[in-house]
Trainee: 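Here it is, the structure, as C-alpha cells.
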Amino acid sequence: MYRTKTCGELRASDVNQLVTLAGWVQKTRKMGGMAFVDLRDRYGVTQLVFNQDVDASLCERANKLGREYVVQATGTVKERSNKNLHIPTGEIELIVSELTILNAAATPPFTIEDETDGGDDLRMKYRYLDLRRNVVRSNLELRHKMTIEVRRYMDSQQFIEVETPVLVSSTPEGARDFVVPSRMNPGQFYALPQSPQTLKQLLMVSGFDRYFQIVKCFRDEDLRADRQPEFTQIDCEMSFVEQDDILTMFEGLSKYLFKTIRGVEINEPFRRISWNDAMKYYGSDKPDLRFDMRFVELDDVLKGHGFSVFDNAAYVGGICAKGAASYTRKQLDALTDFVKRPQIGAKGMVYARVEEDGIKSSVDKFYTQETLQEMKKAFGAEPGDLILILSGDDVTKTRKQLCELRLEMGSQLGLRDKNKFVCLWVVDFPLLEWSEEDRRYYAMHHPFTSPKPEDIHLLDSNPGDVRANAYDMVVNGVEVGGGSIRIHDNELQQKMFRLLGFAAEQAEAQFGFLMNAFKYGAPPHGGIAYGLDRWVSLFAGLDSIRDCIAFPKNNSGRDVMLDAPSAIAQAQLDELRIAVNIPPVC
Ligand code: ASP
C-alpha cells in the first residue's frame, strides 16, 4: 500500500497512530536540528517532521528534498505544539521514521501556490503543474459536482442522456464550422457540431420525449474571456411543451443547482423581461440586474433647448447613480474617457449632480433649472445622486454605450457583488436579424426556432417584426443558457429557410433529413442549452471560463501545451488527398 491516509485527513483524534502518506513536497524548512516538510496531495497538506537527534541521516535526506519531489513517508501522528489553525491538519504533524523518494522532480517553472509567480502563458504550457494548485483544482472539483447534480436532477425528471456523434455535417448556430477531412471519402469533410441541435430534434421525432446530454460543441469564432473553440453544453430537449413548460422545468434545474452547489436558496420565480425592454432599459440582451439603474430616455425633456449635440441626436438617455453626486471632477473626466474609448465609442458624456440647492450640470448654460428639475423627476432622482447622459445618432449603438457606462458605474459603486445572484429570463426575441452588410436576414437564435404563432402572419410582409418563441437565461449579466420552441412543421421550416436566403436545393441538401423527418409525425417540441463552462465560472466567481477547463486553449485557439494545431506530415496529407497551398505558420 502506498499510503494509509491522505495528506488532508489527519486530525488531533489520530494522535499516536502509525500512518503512511504519499504526495508532493510543497516546501521544506530547516530549523535548528529539525527539518519540516509540507507534503501535499489533492486532499490537503500535512507537516512532516524529521529530528536530527533521532535519525541524522533521515533528517539529512529530508533537507535535500526538492520542491515537487514525490515521496512516501511513514511515521507517528503527534499533536503540534505550534498549531496552525488555518489548515484542517494544522493541529498535528507526522514524526517520520521512514522516507522513500518515489520520484525526483525538476524545479517547476513557477511556484505551485495559490498565489503563483507564473504568468498565463507559462501556466498554460505547464498546465499539468498549474492543475496542482488548489485554486485551479477546486474549480474542476466544482465542475465535477455540477455535472453530477445536473445528471441527478435530469434523471429525476425522466430525461435520458443520449450521446450524439461528433463527426457530423454543418449544424448552423451562427459560427464557422470546424471541419475534418474524410480519408474514406476523398474531398469530403465532416463538420464538428456547433451543437447537437438537429440531432436532438430528431430524437424528439423518435419519441424520446425528454433528452439531455453534457456535450462538447465546437465553434470556430473569435475568442474572448468567455469563449473557447470547444466548450461544453448541458443540452436539453422536450416534447409536447410550450415555452412556459420549458422555463418552469429549467428554472427548477437552476434553483436546484444554486442550492446544491452554492447553498443559495431562490424561492421567488425568475423575473421575465422582454428583449425589447431589456434593450430599452439596459441596452443589452443580457442585463445585469443585481442593480437597477435603468435607462431613462430624455429626448422629450432635453431636446429643443439649443444644445445642438442633443438636438441633433437620434437618442438622448441616461442613468442615475444613487449617491454618486460626490464624484469629483477628476472621476467624471475619467468616466468621460471611459465612454470615449474606441471599444465603446461615445463622443462625450454629460453629467448632472443633484444637490440640495439645485442641479449642477456640465451643460448648465443650455438648460434652465426648471428643465433640469424635470429631468430629475424623470429619473426619480434625489439630492446626492449623479445623472450621466449619453447621446448619439444611432439608437442601438448609443444604448450599448450607455450599457457599458451603467456596468462601469455598477462596478465602481460596488453593486456587482460576485456572491449575489440575480437570474432572469429574457423572452420574446426577434426571430430575425437584418445584416446591412450582407443585405439579408439571419436567424437570431437558429433557423429551427419557431415564430410566435400570433406573429406568423408578418413573416411575408414584415419579417423583421416577427418575434420568436425563444428565451435566454441570464445570471448577473451572463447568458448562461438559451433555447426555443422549434418549428415542427415541414412547410413552415421550408419557409424559414427561404427567408434566410437558402435556395430550395441548398436547404434540401443541408437539412433535407430534418424536413423529411418532420413528414413522419414530429411532436411539438422545444429545448434549451446551458453553457456549462460559463455556469461553473459564475459559481466559482471566475473572470474567465478558461479557469474551469482542465486543458483550455489560448485566445488564438492554440493549446500551447500540446502545441496544437500543428502541421501534419505530407504522407498524411497525401492520404487525405489534401494540398496545402500556404506555408505552415510556425
Ligand atoms: N442549440 C442551441 C444553442 O446551442 C440551444 C437550443 O436552442 O437548444 O444555442
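Order of listing sets the numbers, starting from 1, for every ligand and every atom in it.
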Trainee: So, is D235 polar-close to ligand 1, with some N/O to N/O distance under 3.5 Å?
Mentor: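 No, since none of the N or O atoms of D235 sits under 3.5 Å from an N or O of ligand 1.
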
Trainee: Is it true that E230 and R219 make a salt bridge, defined as a side-chain N closer than 4.0 Å to a carboxylate O?
Mentor: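 No salt bridge links E230 with R219.
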
Trainee: Aromatic rings Y530 and F250: how do their planes relate, parallel, tilted or perpendicular, breaks at 30° and 60°?
Mentor: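 The arrangement is tilted - the two ring planes meet at 30° to 60°.
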
Trainee: Are F497 and F511 side-chain neighbours, meaning at least one heavy-atom pair lies under 4.5 Å?
Mentor: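 Heavy-atom side-chain distance check passes, below 4.5 Å.
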
Trainee: How does T449 reach ligand 1, by side chain, by backbone, by both or by neither, if only non-hydrogen atoms under 4.0 Å count?
Mentor: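 Neither part.
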
Trainee: Which is it for E479 and ligand 1 at heavy atoms under 4.0 Å: side chain, backbone, both or neither?
Mentor: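 Under 4.0 Å from ligand 1, E479 contributes no heavy atoms.
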
Trainee: Of the protein's non-hydrogen atoms, which lies at the shortest distance from atom 2 (C) of ligand 1, and what is that distance?
Mentor: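 For atom 2 (C) of ligand 1, the nearest protein heavy atom comes out as E173 OE2, 3.4 Å.
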
Trainee: I want to confirm something. Looking only at heavy atoms, which of R486, Q201, Q233, Q194 is nearest to atom 7 (O) of ligand 1?
Mentor: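 Looking at heavy atoms only, the winner is R486.
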
Trainee: N/O to N/O below 3.5 Å, does that happen between K200 and ligand 1?
Mentor: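 N/O-N/O distance below 3.5 Å exists for this pair.
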
Trainee: Could you list the donor-acceptor pairs under 3.5 angstrom formed by side chains in residues 265-280, with sequence neighbours left out?
Mentor:
from: R272; atom 1: NH1; to: D244; atom 2: OD1; distance (Å): 2.6
from: S274; atom 1: OG; to: D277; atom 2: N; distance (Å): 3.1

Trainee: Tell me yes or no: between the side chains of R262 and N419, is some donor less than 3.5 Å from an acceptor?
Mentor: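 A pair is found: one side chain offers a donor N or O, the other an acceptor, under 3.5 Å apart.
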
Trainee: Is E237 close to ligand 1, meaning an N/O of one under 3.5 Å from an N/O of the other?
Mentor: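 The answer is no, given that E237 and ligand 1 share no N or O pair closer than 3.5 Å.
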
Trainee: With a 4.0 Å heavy-atom cut-off (strictly under), which part of S195 contacts ligand 1: side chain, backbone, both or neither?
Mentor: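 The answer is the side chain of S195.
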
